[in-house]
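Notes follow once the structure below has been shown.
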Amino acid sequence: MSDPTPAPSLDEVIERRFSRRDLMRGSLAVALTAGIGPRAASAAPGAAFDFPELAAGVDEHLHVAEGYAAQPLLRWGDPLFADAPAFDPRRQSAAAQERQFGYNNDFVGFIPLDAAGKRGLLVVNHEYTNAELMFPGLNAADRKGVIAALSLDQVAVEMAAHGGSVVEIVREAEGWRPVVGSLYTRRITATTPIDLTGPAAGHPRLVTEADPSGRRVLGMINNCSGGVTPWGTWLSGEENINYYFGGALPDGHPETGNAKAMGMGSLQYAWSRFHPRFDLAQMPNEANRFGWVVEIDPFDPASAPKKRTALGRFKHEGAAGARSLDGRYVVYLGDDERFQHVYRFVSDGRVQPERGGNADLLDSGTLSVARFEPDGTGRWLPLVHGRDKLNAENGFGSQADVLIETRRAAKLVGATPMDRPEDIEANPRTGRVYVMLTNNGKRTAAQEEPANPRGPNAFGHVIEIAPDGTDHGAETFRWEVLVRCGDPSKPEVRASFSALTTENGWFGMPDNCTFDGRGRLWIATDGNNRRATGRADGIWAVETEGPRRGTARHFLRVPVGAEMCGPCFTPDDETFFVAVQHPGEPDEEGALGSYEKLSTRWPDFSPDLPPRPSVVAVTRKGGGRIA
């Protein structure tokens, strides 16, 4: 049962969130007056972060800076409902997994349920599954072997392990714990009924035999990063949807170009062997029903999630938001693939203080794509049917077509091809926006340009955007590269961290990011390992102001084979939630692990349990704010 202590109404919680944001506006205007360029020295002398720096390295354990504790809070297979069975890796079933915490947790959001922030809802994406690490006895040498070996029942478990979880958590003297059986508890899977809304809903290209309305789809898949809105909903972005669709379209099929643009043909899952809707040859329109941002109401477990088509269809990484000066809601969106783009959605309507007034806010607005000019300026290019080249002559018969083929539309209007845009977040104190660009090994030296200054770009970089007029709704902005990632001691890498960054402080492959309540930037990485950088993925704190701008400091590192995801602070900055994804994978290029041959058994380290992706709560020993 939930804690019986009365919680404030949701509208009261939302009002507190708005009030805090309004208080920030004064400092935002001051901070952005000078624009991109030299910064004033920080008010506090020395470093912005006070934690002892963690040594970089790779081993089978999770490590955090001295003086901090890291508690696994939710592990794959943990029971979420009162009737859920205990986790048993040798007796898995879809029915059990639907009542348990899912696999490969990515985005994590925290929504307070009380004024003190000691109770709240954790909303978590479950991006994908590693079948070879989940099920005993596969022992397949490569991905094709895994696909061939999986049974119908195992595929059902995979489908149940995708999607997301809503979990009530409470902080007690001994730490955070999930409230098993809370009235808010929910699992969303690859078979959950979800509504399609907005301009593309009901379009013939979204119609299937099972859904002649084109307005109801089963499930969300490969949900990577996301965001939490001011009205208390959870935005979850579908990313690498191409991995799930087998088969091939017939020659000359009208969806052939669209399928190619989304990378269809790189099958990673066995689902199409058992479910015709994932076979392009049988149901070519089904793929168009994935690749969207999904909005979920965590306060109503009976509500249908909604795929908001106005935000475009591509490989979504992140859906973090801010407000324009006139009160409209702005969502920043990355398309996580080489030479893809940075997007922004601005709602037509304004955010309302009453929660119900925002129910359909994200169904109407303007989706734009970024062009980064060489002189450090930039512009948002609207993706609107009938403008520029987005017309019938180029195959766009309506706004629905523009949104279904967002990638093609972006290229036609002249957007800048970027080096894997992932998470994009706005600093709530300064208003500056930070774009994580993970890497691009296919960019050549001849393709270098100021916004993507290295070819090939093995280690990624971070771009800082300042909206003109301090307004997230402005059509123009200024930008500069905050850091070029990689080892600064190697001249050929051309990294550009501050000279104050230590040998432990530099990192490669920025992926997710967040800001604490003091507006300080924290970055999670994906792709560091013994071969690439000699260190595991983890969390780095990065200074963005004053003479130490561009200085990074190592805070946490994950076990071998894992990726760091989902950084998220509680409002009081006393807990830092992070998501550890796919622990136990091999730490070498191209190798495929197995249940029987693991690089770690974190977090249980039990010989009868596999590694388990987990959400971890980091706190300061003795209490207090992080760093």
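Looking only at atom types and distance, the side chain of E168 has no donor-acceptor partner in the side chain of Y184 under 3.5 Å away. Under the 3.5 Å distance criterion, with hydrogens and angles disregarded, a donor-acceptor pair is assigned to the side chains of D106 and Q581. Between the side chains of E543 and T551, not a single donor N or O lies within less than 3.5 Å of an accepting N or O. Judged by distance alone, the side chains of R549 and T544 never bring a donor and an acceptor atom under 3.5 Å apart. Under the 3.5 Å distance criterion, with hydrogens and angles disregarded, a donor-acceptor pair is assigned to the side chains of E295 and T233.
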Intermediate values then yes/no, side chain to side chain donor-acceptor pair (under 3.5 Å), D537 and N528: CA-CA 5 Å; D537 281 321; N528 293 268; 2.8 Å; yes
Steps toward side-chain contact (heavy atoms from CB on, under 4.5 Å) verdict (V58, N529): CA-CA 7 Å; V58 183; N529 54 46; 5.9 Å; no
Criterion side-chain contact (heavy atoms from CB on, under 4.5 Å) on I111 and F299, from CA distance to verdict: CA-CA 10 Å; I111 304 172; F299 293 93; 3.7 Å; yes
Steps toward salt bridge (Lys or Arg N to Asp or Glu O under 4.0 Å) verdict (D587, R530): CA-CA 7 Å; D587 192 37; R530 288 189 181 95; 3.0 Å; yes
Test log, rule side-chain contact (heavy atoms from CB on, under 4.5 Å), inputs W602 and H61: CA-CA 7 Å; W602 183 88; H61 298 278; 5.5 Å; no
Steps toward salt bridge (Lys or Arg N to Asp or Glu O under 4.0 Å) verdict (E503, R535): CA-CA 11 Å; E503 63 179 357; R535 55 196 60 202; over 6 Å; no
Derivation of the side chain to side chain donor-acceptor pair (under 3.5 Å) call for E464 and Y434: CA-CA 5 Å; E464 180 186 73; Y434 294 82; 2.4 Å; yes
CA sep, side-chain torsions, deciding dist, call: N104, T129, side-chain contact (heavy atoms from CB on, under 4.5 Å): CA-CA 6 Å; N104 272 347; T129 50; 5.8 Å; no
D516/R625 under salt bridge (Lys or Arg N to Asp or Glu O under 4.0 Å): CA gap, chis, key distance, verdict: CA-CA 10 Å; D516 60 25; R625 295 195 296 180; over 6 Å; no
Test salt bridge (Lys or Arg N to Asp or Glu O under 4.0 Å) applied to E545 and R432, step by step: CA-CA 11 Å; E545 305 292 332; R432 296 192 197 99; 2.5 Å; yes
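In this structure, L54 and N504 have side chains that are not in contact, with every pair of non-hydrogen atoms separated by 4.5 Å or more. Side-chain contact between I465 and E480: absent, with no pair of heavy atoms (C-beta onward) separated by less than 4.5 Å. Counting only heavy atoms from C-beta outward, the side chains of C568 and F576 never approach each other to under 4.5 Å. I188 is listed as a side-chain neighbour of I296, based on a closest heavy-atom distance under 4.5 Å. Within the 4.5 Å cutoff, side-chain heavy atoms of L74 are placed close to those of V167. By the 4.5 Å heavy-atom criterion applied to side chains, V351 and R323 are counted as neighbours. Contact annotation: the side chain of R601 never approaches that of L609 to less than 4.5 Å [non-hydrogen atoms, C-beta and beyond]. Side-chain atoms of L361 and R350, non-hydrogen and from C-beta on, never get closer than 4.5 Å to each other.
A pairwise comparison of heavy atoms in E317 and D423 identifies CG-N, 3.4 Å as the closest pair. When all heavy atoms of P305 and R186 are compared, the pair lying nearest together is CD-NH2, 3.4 Å. Closest non-hydrogen pair, A84 versus L80, comes out as CB-N, 4.1 Å. Closest heavy-atom contact between E127 and H162: O-CD2, 3.4 Å. The shortest non-hydrogen separation linking S236 to N125 is OG-OD1, 2.8 Å. L333 approaches G318 most closely through the heavy-atom pair CD2-O, 3.5 Å.
Listed for the R612 side chain is a donor-acceptor partner under 3.5 Å among the backbone atoms of W76. Judged purely by atom type and a 3.5 angstrom limit, S498 has no side-chain atom pairing as donor or acceptor with the backbone of G550. With S599 contributing its side chain and G584 its backbone, the two residues share a donor-acceptor pair below 3.5 Å. Using modelled atom types, one side-chain atom of R484 and one backbone atom of R494 make a donor-acceptor pair closer than 3.5 Å. Using a distance-only test at 3.5 Å, with no hydrogens or angles considered, no donor-acceptor pair links the side chain of R171 to the main chain of R119. N358 contributes no side-chain N or O that, together with a main-chain N or O of W231, makes up a donor-acceptor pair within less than 3.5 Å. Between the T501 side chain and the A499 main chain, no donor and acceptor come within less than 3.5 Å of each other. Counting only distance, with no hydrogens or angles, the side chain of H126 and the backbone of Y103 share a donor-acceptor pair below 3.5 Å. With hydrogens and angles ignored, the 3.5 Å screen pairs no side-chain donor or acceptor of D300 with any backbone N or O of D297. Side-chain atoms of S225 do not come within 3.5 Å of backbone N or O of F107 as any donor-acceptor pair.
Ring-plane geometry between H582 and Y128 is classed as tilted, the angle between the planes lying from 30 to 60 degrees on a 0 to 90 degree scale.
Taking the six-membered ring for Trp and the full ring otherwise, the centers of F555 and Y68 sit less than 6.0 Å from each other. A distance below 6.0 Å separates the ring centres of F577 and W176. Taking the ring centroids of F49 and W522, they lie under the 6.0 Å cut-off. Taking the six-membered ring for Trp and the full ring otherwise, F497 and W506 have centroids separated by 6.0 Å or more. With ring centers used as reference points, F507 lies 6.0 Å or more from H554.
When the shell of 6.0 Å around CD of E172 is examined, it contains more than 12 heavy atoms from other residues, nucleotides or ligands.
In this structure, the separation between OG1 on T619 and CD1 on I626 is 6.5 Å, given to the nearest 0.5 Å. A distance of 10.5 Å separates CG of L121 from CH2 of W234, quoted to the nearest 0.5 Å. In this structure, CZ in R187 is found 8.5 Å from CZ in F101, a value given to the nearest 0.5 Å. Atom CH2 of W540 sits about 9.5 Å away from atom CD of E53, to the nearest 0.5 Å. For the atom pair D335 CG and M418 CE, the distance stands at 12.0 Å (nearest 0.5 Å). With rounding to the nearest 0.5 Å, the separation of CD1 in I169 from CZ in F110 is 5.0 Å.
In this structure, R429 is not positioned above the aromatic face of F515 in the sense of NZ or CZ being under 6.0 Å from the six-membered ring centre and within 45° of the axis.
Under the salt bridge (charged side-chain N to carboxylate O under 4.0 Å, His left out) rule, R620 has a single partner from D50, D572, D573, which is D50. The only option from D419, D487, V493 that meets the side chain to side chain contact (heavy atoms under 4.5 Å, CB included) definition with F459 turns out to be V493.
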